[in-house]
Trainee: 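One structure, pasted below without further comment.
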Amino acid sequence: MSAATDQPVADALEPQRSYDRQDWASAFGNVDVELDDVPLTAVRGEIPSALNGTLYRNGPGRLERGGQWVHHPFDGDGMVVALRFAQGQLHLRNRFVRTEGWLAEEEAGRVLYRGVFGTQKPGGPVANAFDVRLKNIANTHVVRLGDTLLALWEASSPHALDPDTLETRGLSLMDGVLKPGEAFSAHPRFDPGHHGEPRMVTFGVKTGPRSTVRLMEFATEGPRAGQLLSQRSDSFKGFAFLHDFAITPNWAIFLQNAVDFNPLPFVLGQKGAAQCLRSRQGGQAQFWLVPREGGAFAGQPPRLIDAPDGFVFHHLNAYEEGDQVVVESIFYADFPSIGPDEDFRAIDFELIPEGLLERCRIDFNSGSVTSERLSERCCEFAMVNPHNEGLPARYGWMAAAEREQGNDPLQVIKKLDLRTGERWIWSAAPRGFVSEPVMVPMEGGAEDDGWVLTLIWNGARRGTDLVILRASDLSEQAVVELPLAIPYGLHGSWASA
Ligand SMILES: [Fe+2]
C-alpha cells in the first residue's frame, strides 16, 4: 500500500490483473456479530487527534439465510457501523437495522421476501408470482439529521436510528412529511448554505407511465433540524429511474436515463424489479432541471434538456457558471444488471461497462449540452469537499480501479484535480479492495485539507480495515483492523462532534 502520483502504465494493452478473485469474492458473507463501543487502535500510523466525530457506514450485512444466498449483494439487509473518533481515540459499534423484514426473517430463519435485485423466495416462480411486496432493507446510506440517524433505502421510508446506540427507533415519516411507504431517496445532498443556513435537499420518485419527482428541503441545524422548509412536485413523461441527483444554489439536477421498465417478469415471479429495467435502444436521456425554492428561478417549471448517451447512477457535483449548469457524473455505457441465471460472485468484470467521470455543460437557455471525459480510469463513489457541494470544486475524491483503463474491482482511492487532471493515488492492491471514500474537511483549511476515510476489504486477513488518508496527498495516516468482516458497503457520511 502506498501513496504516489499516478504514473501511466507502460503497456496498457496487456494489463496484469491487480487482484486475486478469491480475495475479492471472500468479502461476500454475513456479519455475525453486533459490537458495542469496542476501543480500537491503529496497527500502523496514528489516529489523528484533530479528527473528532463519527463516521457512519451502511451496506448489506446479511447475504445468506437458511443456506440461501441473495441474488445480488444490494438485496442484503442494512447494517450500520459507527466509528467514533475523539482526541485520537476510536470506538466501534455496529447494528443491523431492525426492519420489519429483517425481524421476520430472523425469527423464521429463512428468506420470506423477494429482493428488488433478483433474490427470490424458495419455490421458484410459482412461489414468487404476484408477491409484489417491497422489503425495505434500509441498506443504502446513513445520514445524521438533528438528533436522528436515518438509514435510507430509496423505494420507501427511512428508518430512524439513535445516533449513539444505533438502536432502531422505527420507520420515520419525517414528522408527517411522508405518506407511509412513500419513496425517499437514499441520496440526500447537503447544501452548505447557498441560501443562508445549511439544508438537506432530497427527493422521492413515484414511478409509472408518468413519474412524479417530489423535491424536499429540510433544515439541518439547531432546533429546526429535520423540519421541512420547502417542497415541490413535478411530473414527467415516462418511467423515471433516479438513484442520485445534484444541486446548485438555483437548481436540482436529475438525469433521467433512457430506460424502460417491463414489470411483467417481476409480477410473474421470474425476475426482481430492478432486473426488469433495460436500456431503451435509441432512447434519449434527459436532464431535468428543477428550480429550487429560494433560487432565481423559484416557481418556474422544470427545464428538460437532452442528455448524452449512457447510464448514470451517481453524480460527483454540480455548479453554475452564468447561464450554464455544469454537472460531473459517472457514466456507464449501459445499464449494468445481473441476470436471473448469473452468480454475482462469478461476474466477469471484462464484460461489464466501467464507470467513467464526465463533465456536462448544460446551457439552460439554449438547451445545448457539451460533455468531456475527465479521466479514463474506472471509478465510482466520488465526492467533493462538503463545503463545495453545489459550488465549483477544484478536487474530487473517489474509489477507482488499480489499472488505468478497463473495468476492475475498486482498489485505489484517487484524488483528482478537476481543473488540471493531476491525480494522486493510494492503492490497496493487490489484496485490498476499497469502498466509498468519505472526505472530512479540516475546518478553516484549504479545499483539500482534511482526511479521507474508507473501509477496505483486506483479502489477506479476510477482514475489514479502516484506512485514514491525508486528503491533500493521500498519504497514509493510520490503518485500523476492525473486529468485523463487512461485505462491500454502499454509502456513508461523517457527522462532526
Ligand atoms: Fe448510490
Side-chain angles (χ1 to χ4, degrees), residues 55-61 70 72-81 97 115-117 134 136-144 150-159 183-190 200-205 207 213 240-247 252-257 259 272-274 277 310-318 327-332 335-338 344 352-358 378-384 386 389 396-400 409-410 413 433-439 453-455 486-494:
L55 174 69
Y56 294 106
R57 302 273 336 152
N58 198 355
V70 292
H72 190 295
F74 292 176
D75 279 342
D77 298 286
M79 197 272 307
V80 173
V81 183
V97 185
V116 167
F117 288 88
L134 287 175
N136 181 344
I137 50 178
N139 73 353
T140 314
H141 199 352
V142 56
V143 296
R144 182 151 183 178
L150 296 172
L152 301 167
W153 187 69
E154 68 191 23
S156 193
S157 322
H159 281 78
F184 193 70
S185 165
H187 273 284
R189 293 278 173 178
F190 287 85
M200 181 177 95
V201 187
T202 191
F203 67 98
V205 189
T207 56
V213 177
F241 177 84
L242 302 170
H243 174 67
D244 190 9
F245 79 136
I247 57 167
I253 301 125
F254 297 89
L255 178 44
Q256 159 68 348
N257 297 296
V259 292
L277 285 169
F311 192 91
V312 170
F313 288 105
H314 294 132
H315 304 285
L316 165 64
N317 191 31
V327 55
E328 293 158 344
S329 317
I330 298 166
F331 275 80
Y332 292 82
F335 176 66
S337 166
I338 297 177
F344 69 86
I352 306 177
E354 70 268 41
L356 295 167
L357 189 62
E358 301 198 3
C378 164
C379 70
E380 249 304 346
F381 300 130
M383 75 177 288
V384 297
E389 181 83 47
W397 289 265
M398 61 206 74
L410 303 168
I413 301 297
F433 301 85
V434 305
S435 60
E436 175 190 66
V438 173
M439 192 276 174
L453 310 180
T454 185
L455 296 188
I486 310 171
Y488 299 114
L490 294 167
H491 301 292
S493 58
W494 173 258

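Every number for a ligand or one of its atoms is a count from 1 in the order of the listing.
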Trainee: For the side chain of N58 and the backbone of A138, is there at least one donor-acceptor N/O pair under 3.5 Å apart?
Mentor: yes

Trainee: Residues two or more places apart in sequence or in another chain: which of them pass side chain to side chain contact (heavy atoms under 4.5 Å, CB included) with P409?
Mentor: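 In terms of side chain to side chain contact (heavy atoms under 4.5 Å, CB included), with neighbours along the sequence ignored, P409 is linked to Y19, W24, F349, F433.
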
Trainee: For E389, what residues pass the side-chain hydrogen bond (donor to acceptor under 3.5 Å, both in side chains) criterion, not counting sequence neighbours?
Mentor: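 For E389 the side-chain hydrogen bond (donor to acceptor under 3.5 Å, both in side chains) partners, ignoring immediate neighbours, are R189.
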
Trainee: List the residues meeting side chain to side chain contact (heavy atoms under 4.5 Å, CB included) with E354, not counting sequence neighbours, and say none if there are none.
Mentor: L356, C378, N407

Trainee: Taking the side chain as every heavy atom from C-beta outward, state whether T454 and V438 have any pair of such atoms under 4.5 Å apart.
Mentor: no

Trainee: What protein N/O/S atoms lie closer than 2.8 Å to the Fe ion (ligand 1)?
Mentor: H187 NE2, H243 NE2, H314 NE2, H491 NE2

Trainee: Consider side chain to side chain donor-acceptor pair (under 3.5 Å). Of H315, H141, H314, E154, which one does H187 pass it with?
Mentor: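 Filter result, single survivor: H314.
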
